[in-house]
Amino acid sequence: FEQEYNINNRLYEAFRKYKLDSAIHYQNRNLELSIAVGDKLRSMESALRLIPLHTFMGQFIEGRNLMNNINRNELPDTLLTLYYDTNNKYYYHYNLITHLEKYSQLYNLYSDSIILIGDSSSFTYNTSPSTIHDHRFYSVVARKWPYICNFSYICKFSYTFFVKHS
């Protein structure tokens, strides 16, 4: 179990940014494995990793079904940031397509949670939709991760886009 789970996580990390179908496959396998051995912590972690993948692909029903099976009160502190970030991304993307106020409010709620409990020095915190809207986005990313801003046009565009639309 342990070996296959770890290999699947490495493959997920390798594929999650450009080949979502493969990333989903490896996290689904981890979800199946963790459920089969009764490892609730890892099954919640795998589900939390799957939700954004489904969201990015427009599979909001699949993402929502996974979210409905996660009880926030059962999560250890180590998974809270992932939980809030996952919900934040879900509602951010869902709000973009629905334009419904209730999803905007949920997005803002999870944004506040990330800002309150997140590690402000982490890459995830500084590139989360909740903190991108902050005017510090471009300077933080450029200062902390200059390799990302080698293509500064994209960083400047993102900064300008999000400031204008926040």
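Numbers here simply count residues along the sequence, with the first being 1.
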| Can you check whether Asn65 reaches Ile61 side chain to side chain, under 4.5 Å on heavy atoms? | yes

| query | Would a distance-only check, ignoring hydrogens and angles, find a side-chain to backbone donor-acceptor pair under 3.5 Å from Asn87 to Tyr110? | reply | no

| task | Measure the CG-CG distance between Asn95 and Leu106 for me, rounded to the nearest 0.5 Å. | result | 9.5 Å

Sequence neighbours left out, cut at 3.5 Å: what donor-acceptor pairs do the side chains of residues 51-59 make with other protein atoms?
| from | atom 1 | to | atom 2 | distance (Å) |
| --- | --- | --- | --- | --- |
| His54 | ND1 | Gln59 | OE1 | 2.5 |
| Thr55 | OG1 | Ile51 | O | 2.9 |

| request: Sequence neighbours left out, what passes side-chain hydrogen bond (donor to acceptor under 3.5 Å, both in side chains) with Lys40? Give chain and number order. | output: Glu74

| remark: Lys19 meets the side-chain contact (heavy atoms from CB on, under 4.5 Å) criterion, sequence neighbours left out, with Phe15, Ser22

| message | Just to verify, what does Gln3 make a side-chain contact (heavy atoms from CB on, under 4.5 Å) with, not counting sequence neighbours? | response | Ile7

| task | Can you measure from CG (Leu11) to CD (Gln27) and round to the nearest 0.5 angstrom? | result | 10.0 Å

| query | Quick one: salt bridge (charged side-chain N to carboxylate O under 4.0 Å, His left out) pairs with a partner in residues 5-16, sequence neighbours left out? | reply | Glu13-Arg16

| query | Would you say Asp39's side chain and Ile35's backbone share a donor-acceptor pair under 3.5 angstrom? | reply | no

| In chain order, what residues pass the side-chain hydrogen bond (donor to acceptor under 3.5 Å, both in side chains) check against Asp21, with sequence neighbours excluded? | none

| query | Just wondering, do Thr86 and Ile70 contact through their side chains at under 4.5 Å, heavy atoms? | reply | no

| request: List in chain and number order the residues that pass ring pair (Phe, Tyr, Trp, His ring centres under 6.0 Å) with Tyr94, two or more places apart in sequence or in another chain; answer none if no residue qualifies. | output: Phe60, Tyr90, Tyr103

| Nearest atoms (heavy-atom pairs only) where Leu41 meets Pro76 | CD1-CG, 3.2 Å

| What is the distance from atom CG of Leu50 to atom CG of Leu20, rounded to the nearest 0.5 Å? | 11.0 Å

| remark: Residues at least two apart in sequence or cross-chain that pass side-chain hydrogen bond (donor to acceptor under 3.5 Å, both in side chains) with Tyr26, listed by chain then number, are none

| His93 NE2 to Asn88 CG distance, which is reported to the nearest 0.5 Å | 9.5 Å

| said: I'd like to check the salt bridge (charged side-chain N to carboxylate O under 4.0 Å, His left out) partners of Arg29; sequence neighbours left out, ordered by chain and number. | reply: Glu4, Glu32

| task | Tell me, please, which residues at least two apart from Glu62 pass side-chain hydrogen bond (donor to acceptor under 3.5 Å, both in side chains). | result | none

| From Arg42 atom CZ to Leu79 atom CG, the distance as rounded to the nearest 0.5 Å | 11.0 Å

| query | Looking only at atom types and distance, does a side-chain atom of Asn6 sit under 3.5 Å from a main-chain N or O of Glu2, one as donor and one as acceptor? | reply | yes

| remark: Nearest heavy-atom contact between Tyr5 and Ser46 is OH-OG, 3.3 Å

| said: So, using side-chain contact (heavy atoms from CB on, under 4.5 Å) as the criterion, who are the partners of Arg72 when residues are at least two apart? | reply: Leu80, Tyr83, Tyr84

| Residue pair Arg49 / Asn30, side-chain donor-acceptor N/O under 3.5 Å | no

| task | List the steps and the verdict of side chain to side chain contact (heavy atoms under 4.5 Å, CB included) for Asn69 and Met44. | result | CA-CA 8 Å; Asn69 290 316; Met44 289 187 291; over 6 Å; no

| remark: Value for CG (Asn71) from CG (Asn68), rounded to nearest 0.5 Å, stands at 11.5 Å

| task | Determine, step by step, whether Leu75 and Leu82 satisfy the side chain to side chain contact (heavy atoms under 4.5 Å, CB included) criterion, reporting the C-alpha distance in whole Å, the side-chain angles of both residues, the deciding distance to 0.1 Å, and the verdict. | result | CA-CA 10 Å; Leu75 289 171; Leu82 180 59; over 6 Å; no

